[in-house]
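If you're wondering where the values come from, they're calculated on a predicted model, not measured in any experiment. In the text below, chain A, chain B and the rest are named by the order of the sequence lines, each starting its count at 1.
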Amino acid sequence: MLDSKFLRVNVRATAEKLIARGYTLDVALVVDLEAQRKSLQVKTETLQGSRNARSKEIGIAAKRGDDITSLRAEMNKFSVELNAVKTKFEAVNAQIKEIAASVPNLAHESVPIGSDEDQNIEVSKWGNPKKFAFNVKDHVDLGEALDGLDFKSAVKISGSRFIVMKGQIAKMHRALAQYMLNLHTEEHGYTELYVPYLVNAESLFGTTQLPKFGDDLFNTNPATQEGIGMSLIPTAEVPLTNMARDMMYDEADLPIKITAHTPCFRSEAGSYGRDTRGLIRQHQFDKVEMVQFVHPEKSFAALEELTGHAEQVLKNLELPYRKVILCTGDMGFAATKTYDLEVWLPAQNTYREISSCSNVGDFQARRLKARFRPTGAKKPELIHTLNGSGLAVGRTLVAVLENYQLEDGRIEVPAVLVPYMGGVTHIG
RNA sequence: GGUGGAGUGGCCGAGUGGCUGAAGGCGCUCCCCUGCUAAGGGAGUAAUGGGUUUAUAGCCUGUUCGAGAGUUCGAAUCUCUCCUCCACCGCCA
């Protein structure tokens, strides 16, 4: 959520910037609502003020023992007038809030302008895609041949976009998550958290999945008039970032760096036909997520650091990747700046997203009321939040299978994973 | 699931219809004193919205005592619903 005052004062300028984000702000509507809001608010508050003052007088009169029946009758009529104005004011205000909650964050000046992923800019490349002396197989063929990926059983048990893993492949999947978590906690300074996989609507609003992206979620209960039931997390960003909700940190507490390994659940509504083969796009997948709460002046430096932490996983696994800065049109709703890491997939002969690292600025913090008190200072300030995948575990498994495949169909185990695989160096 | 108790400012904790945005304490900030330190004395210290404004300065004003609804001229205080926590009972990985 953008600062409402900022939005109001800079409607036109903001609307222009939002075009780059693919969002059309109805300036005329906002200006009109704003004018209504102002006059209704002043009127309401003036009436409330005089009600308060006169109620006080009644109290004094009553204490004196005066007869207050006529005063009360008069105030009764007054309340009717006040409530009428107040109701109008609240209606206008609700409309404004609804618009404000649907406006995406503004992009940082360093973010390239563009409409879609074709205008993302490659920042760097690491590693060289291996040359294979044989025809490479994709992870589906490899996994099925090794009896490690069982799509048929998953369809039977749940449906499409689910997976059953078996044996050494299931173990490697587990090993990858363990390795990532250990790397971030032991080398990168993150504290490991175990968090709920079901979250309430407040949390989803705080991290901006609600109100706009409810369709992407799996809900435990159908919508009711009282609100919606709990939802399965689409990413650990939700529980992790909501740790900061309603918090008042000391400046010395920052930065706070937390990480968690969780499954993620996404309905993938609207992605019919895309990535239907294999593990790339699943309703349920594991991810190790990194989240940082930082001083507002340090968030862009923190983004570089956090992205580096995700990159380190790929480097240690010796998986070639490239780093891309997302253009304004391809960024997520809440981000000010996002780097995607894309891993090389030989079977697809291309790079595919495996991590997304964003500086959210104060956009979530404003909704979360996540603040800190600058040392020696008076006013609390909003913290900045960042999040990034480090990494998507399922896609990492895909990358390992495809990049480490041998001509005979076996899979070499990346060196750093061997200890996590009980010393096993090859699968198959 | 049952019964009982409780949710107040950065923290602890008073407060059962008006003079309470909220005593007291802790913490924090500034000043004084003590030749460092420890201890002591004084003052200040909630958040947030709006109006005015070059201003997150000042001034005016609204709101907020778990959340929401209600009663009332007036609610931290009364009523209802919900949430959370604590205790005991029941059940259970």
Between [X] ([atom1]) and [N] ([atom2]), how many Å, whole number?
| X | N | atom1 | atom2 | answer |
| --- | --- | --- | --- | --- |
| Phe89(A) | rU61(B) | CZ | C1' | 13 Å |
| Leu82(A) | rU63(B) | CG | C1' | 13 Å |
| Gln48(A) | rG50(B) | CD | C1' | 11 Å |
| Arg51(A) | rU72(B) | CZ | P | 14 Å |
| Glu81(A) | rC73(B) | CD | P | 16 Å |
| Met1(A) | rG49(B) | CE | C1' | 13 Å |
| Lys38(A) | rG49(B) | NZ | P | 16 Å |
| Arg245(A) | rC83(B) | CZ | C1' | 12 Å |

Rounded [atom1] spacing from [N] to [M] in Å:
| N | M | atom1 | value |
| --- | --- | --- | --- |
| rA14(B) | rG7(B) | P | 9 Å |
| rA75(B) | rU64(B) | P | 8 Å |
| rC26(B) | rG44(B) | P | 15 Å |
| rG27(B) | rG17(B) | C1' | 33 Å |
| rU77(B) | rG18(B) | C1' | 11 Å |
| rG13(B) | rU72(B) | P | 35 Å |
| rC12(B) | rC19(B) | C1' | 27 Å |
| rA47(B) | rA23(B) | P | 15 Å |

Query raised in the report: Cation-pi between Arg367(A) and Phe205(A): NZ/CZ under 6.0 Å from ring centre and within 45° of the ring axis?
Result: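 Checked: cation-pi criterion met.
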Query raised in the report: Would a 4.5 Å heavy-atom cut-off, applied to side chains only, mark Glu74(A) and Arg54(A) as touching?
Result: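 Heavy-atom side-chain distance check passes, below 4.5 Å.
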Query raised in the report: Do Ser50(A) and Phe78(A) have side-chain heavy atoms sitting under 4.5 Å apart?
Result: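 In contact.
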Report task. Output, in order, the C-alpha distance, side-chain angles, deciding distance and verdict of salt bridge (charged side-chain N to carboxylate O under 4.0 Å, His left out) for Lys323(A) and Glu122(A). Result -> CA-CA 6 Å; Lys323(A) 179 176 168 185; Glu122(A) 183 180 297; over 6 Å; no
Taking N or O atoms only and anything under 3.5 Å, show me the protein contacts with nucleotides 18-20 of chain B, one pair per line.
unit_1  : atom_1 : unit_2   : atom_2 : d
rG18(B) : N2     : Ser55(A) : O      : 2.6
rC19(B) : N4     : Lys63(A) : NZ     : 2.0

Query raised in the report: How are the rings of His188(A) and Tyr190(A) set relative to one another: parallel (under 30°), tilted (30 to 60°) or perpendicular (over 60°)?
Result: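 The rings of His188(A) and Tyr190(A) stand perpendicular, inter-plane angle above 60°.
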Query raised in the report: Can you list the stems that include RNA chain B, where a stem is three or more consecutive Watson-Crick or G-U pairs with distances under 3.5 Å?
Result: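 The stems are B:1-7 with B:83-89, B:10-12 with B:24-26, B:27-32 with B:40-45, B:46-52 with B:58-64, B:66-70 with B:78-82.
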Requested in this report: Determine the minimum heavy-atom distance between Val294(A) and Leu254(A), stating which atoms define it.
Outcome: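 Scanning both residues, the minimum pair turns out to be C-CD1, 4.0 Å.
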Query - Residue closer to the 5' end of RNA chain B, Ala73(A) versus Pro380(A) (nearest nucleotide) - result: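 Closer to the 5' end of RNA chain B: Pro380(A).
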Query raised in the report: When you match Ser50(A) and Met248(A) each to their closest nucleotide on RNA chain B, which lands nearer the 5' end?
Result: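 Final value for this comparison: Met248(A).
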Under 4.0 Å from OP1 or OP2 of [N]: is there any side-chain N or O of [X] that close?
| X | N | value |
| --- | --- | --- |
| Asn52(A) | rU63(B) | yes |
| Lys43(A) | rG51(B) | no |
| Arg373(A) | rA46(B) | no |

Salt bridge between [X] and [Y], side-chain N to carboxylate O under 4.0 Å?
| X | Y | answer |
| --- | --- | --- |
| Arg37(A) | Glu90(A) | no |
| Asp275(A) | Arg352(A) | yes |
| Glu268(A) | Arg161(A) | no |

Query raised in the report: Does CD in Glu318(A) sit with more than 12 non-hydrogen atoms of other residues, nucleotides or ligands closer than 6.0 Å?
Result: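 No, not enclosed.
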Query raised in the report: Would you say the side chains of Lys287(A) and Thr262(A) form a donor-acceptor pair under 3.5 Å?
Result: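 There is no such pair between these side chains.
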Query raised in the report: Across the strands shown, which category fits Arg366(A) at heavy-atom distances under 4.0 angstrom: base, sugar-phosphate, nothing?
Result: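 Nothing: the residue Arg366(A), judged by heavy atoms under 4.0 Å, touches no strand.
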**Report entry** Check: Glu45(A) side chain, rG49(B) base, donor-acceptor under 3.5 Å
**Finding:**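 It does, because a donor-acceptor pair links the side chain of Glu45(A) to the base of rG49(B) below 3.5 Å.
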